[in-house]
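Working notes, structure below.
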Number of protein chains: 2
Amino acid sequence: MLSSACQYGLRAMIYLAQQPGDAYLPVRRISSTLDVSHPFLAKILQQLVVKDLLVSLRGPSGGVKLARASTDIRLNDIVLAIDGQKVFDSCVLGLPGCGHRRPCPMHEAWGELRSNFCSMLEETTLAAFAERTEVGGFRLTPM
Amino acid sequence: MLSSACQYGLRAMIYLAQQPGDAYLPVRRISSTLDVSHPFLAKILQQLVVKDLLVSLRGPSGGVKLARASTDIRLNDIVLAIDGQKVFDSCVLGLPGCGHRRPCPMHEAWGELRSNFCSMLEETTLAAFAERTEVGGFRLTPM
DNA sequence: TATATTGAGGACAAGAGAGTCTTAATTCAA
DNA sequence: TTGAATTAAGACTCTCTTGTCCTCAATATA
């Protein structure tokens, strides 16, 4: 459903939203906390910088931080920035051009499930999600 | 969500369920109707033969046909045979071991959507699906 | 029995996604 | 001003899925 890159991106963004203060956080710190490859995560976060979801600073005490308040970033923004629109309009049977006008047999049932998923991503802010993560004691890391 | 192989397999099985009579249907016929590569589809259908969802016969007037009544095959059987169990217990954030005991932040919301999807696959028989496909005028082919 | 037709099976090629590595550019701090 | 820390950028490798190709085995039919 979501690519690995997108999964890493989401986890990193949630982690960043949990940080107090306004300091830059080195990517290396994030990657070691989440236990993912540093160069790979760096490349992913770079995409989020380009899409204006993160800002970055080079040099000592540099790193990345959220470009705006976590209450103003939705999970959907992150997924779109990394995986693009295709997640949202793919057909379960892989038929090109499947849609309301020429549906495949699964279109209706799948469409409903998918739109529920999309709604969740669109409605949930990063702030809400980070808080739920902390309060619920949920984890972002494999270990 | 589903691999291309699985998508092709589902489309082929629906197409087979729509055939009247009990004759073997050559894979070549199926592949050209669905407009997918013949060798690739052959390999996929072979898996379904091994899993006893199809029976095959070589030689002239050979081909494949459903191993049992389409009322006795569920979409779930096909997905399991091709993509395996991993479709059903994957974590949205890709965390290994994510589950009730150690959930990731998305576990609950995603779990519900996924279990709806699974229920649909488990409850829908190939017969019901093929009929809906014909009655609704839905399509299996790209063109 | 001869032959054309079909699936079975394996080796191979192409593509995408995942992940690594190296070098350059930037910036803080001593 | 020098050096260390850090992101930026691109080339590269690996692996898995997708897809192709060729040969072999089976079998219905003439």
Side-chain angles (χ1 to χ4, degrees), chain A residues 1-12 16 23-67 79 82-84 86-87 90 93-94 96 142, chain B residues 1-12 16 22-67 79 81-84 86-87 90 93-94 96 142:
Chain A
M1 192 77 187
L2 300 180
S3 67
S4 306
C6 191
Q7 295 174 338
Y8 292 169
L10 280 168
R11 284 161 62 192
L16 279 165
Y24 287 94
L25 202 62
V27 175
R28 177 143 259 136
R29 188 97 51 86
I30 306 174
S31 68
S32 70
T33 302
L34 300 185
D35 197 38
V36 304
S37 135
H38 167 248
F40 191 39
L41 185 63
K43 193 180 296 188
I44 295 162
L45 296 190
Q46 222 171 303
Q47 297 179 53
L48 297 178
V49 171
V50 172
K51 295 289 173 71
D52 291 321
L53 294 173
L54 289 178
V55 287
S56 65
L57 181 68
R58 300 195 239 203
S61 77
V64 295
K65 66 178 181 184
L66 299 182
V79 174
I82 301 177
D83 275 353
K86 66 173 193 292
V87 185
S90 64
L93 292 185
Chain B
M1 192 77 188
L2 300 180
S3 68
S4 306
C6 191
Q7 295 174 338
Y8 292 169
L10 280 168
R11 283 161 63 192
L16 279 165
D22 194 40
Y24 287 93
L25 201 62
V27 175
R28 179 141 258 139
R29 188 96 51 87
I30 307 173
S31 68
S32 70
T33 302
L34 301 185
D35 196 38
V36 305
S37 133
H38 167 249
F40 191 41
L41 184 62
K43 197 177 294 186
I44 295 162
L45 296 189
Q46 220 172 307
Q47 296 179 54
L48 297 178
V49 171
V50 171
K51 295 289 175 67
D52 291 321
L53 294 174
L54 289 177
V55 287
S56 65
L57 181 69
R58 299 197 240 203
S61 77
V64 296
K65 65 178 181 183
L66 299 182
V79 173
I82 300 177
D83 274 353
K86 66 172 192 295
V87 186
S90 64
L93 293 185

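Letters A, B, ... are given to chains in the order of the sequence lines, protein chains preceding strands, and every chain is numbered from 1. Atom set for the values below is all heavy atoms of this structure, side chains included, hydrogens, waters and symmetry mates excluded.
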>> According to side-chain hydrogen bond (donor to acceptor under 3.5 Å, both in side chains), who are the partners of B:Ser3, at least two apart in sequence or on a separate chain?
In response: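 Expected list: B:Asp83.
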For the pair made of [atom1] in [X] and [atom2] in [N], what is the distance, rounded to whole Å?
{"X": "B:Gln47", "N": "D:dT17", "atom1": "CD", "atom2": "P", "answer": "11 Å"}
{"X": "B:Ile82", "N": "D:dT17", "atom1": "CD1", "atom2": "C1'", "answer": "14 Å"}
{"X": "A:Leu54", "N": "D:dA8", "atom1": "CG", "atom2": "C1'", "answer": "14 Å"}
{"X": "A:Leu41", "N": "D:dT7", "atom1": "CG", "atom2": "C1'", "answer": "12 Å"}
{"X": "A:Tyr24", "N": "D:dT7", "atom1": "OH", "atom2": "P", "answer": "11 Å"}
{"X": "B:His38", "N": "D:dC22", "atom1": "NE2", "atom2": "P", "answer": "14 Å"}
{"X": "B:Arg28", "N": "C:dA4", "atom1": "CZ", "atom2": "C1'", "answer": "14 Å"}
{"X": "B:Leu57", "N": "D:dT29", "atom1": "CG", "atom2": "C1'", "answer": "13 Å"}

>> Which residue in the set A:Leu48, A:Leu53, A:Leu54 passes side chain to side chain contact (heavy atoms under 4.5 Å, CB included) when paired with A:Leu16?
In response: A:Leu54
Distance check: side-chain N/O of [X] vs OP1/OP2 of [N], anything under 4.0 Å?
{"X": "B:Tyr8", "N": "D:dT18", "answer": "no"}
{"X": "A:Ser56", "N": "D:dA8", "answer": "yes"}
{"X": "B:Ser37", "N": "D:dG19", "answer": "no"}
{"X": "A:Ser3", "N": "C:dG17", "answer": "no"}
{"X": "B:Gln46", "N": "C:dG7", "answer": "no"}
{"X": "A:Ser61", "N": "C:dC28", "answer": "no"}

> Taking for each residue the nucleotide of DNA chain C with the nearest heavy atom, is it B:Arg29 or A:Gly59 whose nucleotide lies nearer the 5' end?
Replying inline: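 The residue mapped nearer the 5' terminus is B:Arg29.
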>> Quick check for you: among D:dA8, D:dA4, C:dC21, whose closest atom lies nearest to any side-chain atom of A:Pro39?
In response: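 Among the listed nucleotides, the one closest to the side chain of A:Pro39 is C:dC21.
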> Out of C:dA8, D:dA28, D:dT20, which nucleotide sits closest to the side chain of B:Phe40?
Replying inline: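 Among the listed nucleotides, the one closest to the side chain of B:Phe40 is D:dT20.
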>> If you apply the rule side chain to side chain contact (heavy atoms under 4.5 Å, CB included), what do you find for B:Leu45 with B:Tyr8, and how did you get there?
In response: CA-CA 9 Å; B:Leu45 296 189; B:Tyr8 292 169; over 6 Å; no
> Which is true for A:Pro26 with a 4.0 Å heavy-atom rule: it touches a base, it touches only sugar-phosphate, or it touches nothing?
Replying inline: sugar-phosphate
>> So B:Leu45, base contact, sugar-phosphate only, or nothing? Heavy-atom distance under 4.0 Å.
In response: nothing
> Would you say the side-chain atoms of B:Lys65 pair up with the backbone N or O of B:Asp22, donor to acceptor, closer than 3.5 Å?
Replying inline: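 Between the backbone of B:Asp22 and the side chain of B:Lys65 there is a qualifying donor-acceptor contact (under 3.5 Å).
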> Which distance, rounded to the nearest 0.5 Å, do you find between the CG of A:Leu10 and the CG of A:Leu34?
Replying inline: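 Reported value, rounded in 0.5 Å steps: 11.5 Å.
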> Ignoring hydrogens and angles, does a donor from either the side chain of B:Lys43 or the base of D:dT18 sit under 3.5 Å from an acceptor on the other?
Replying inline: no
>> Is it the case that the base of D:dT7 and the side chain of A:Arg58 share a donor-acceptor contact (distance under 3.5 Å, atom types as modelled)?
In response: yes
> Shortest non-hydrogen contact from A:Ile82 to A:Gly9?
Replying inline: CD1-CA, 4.0 Å
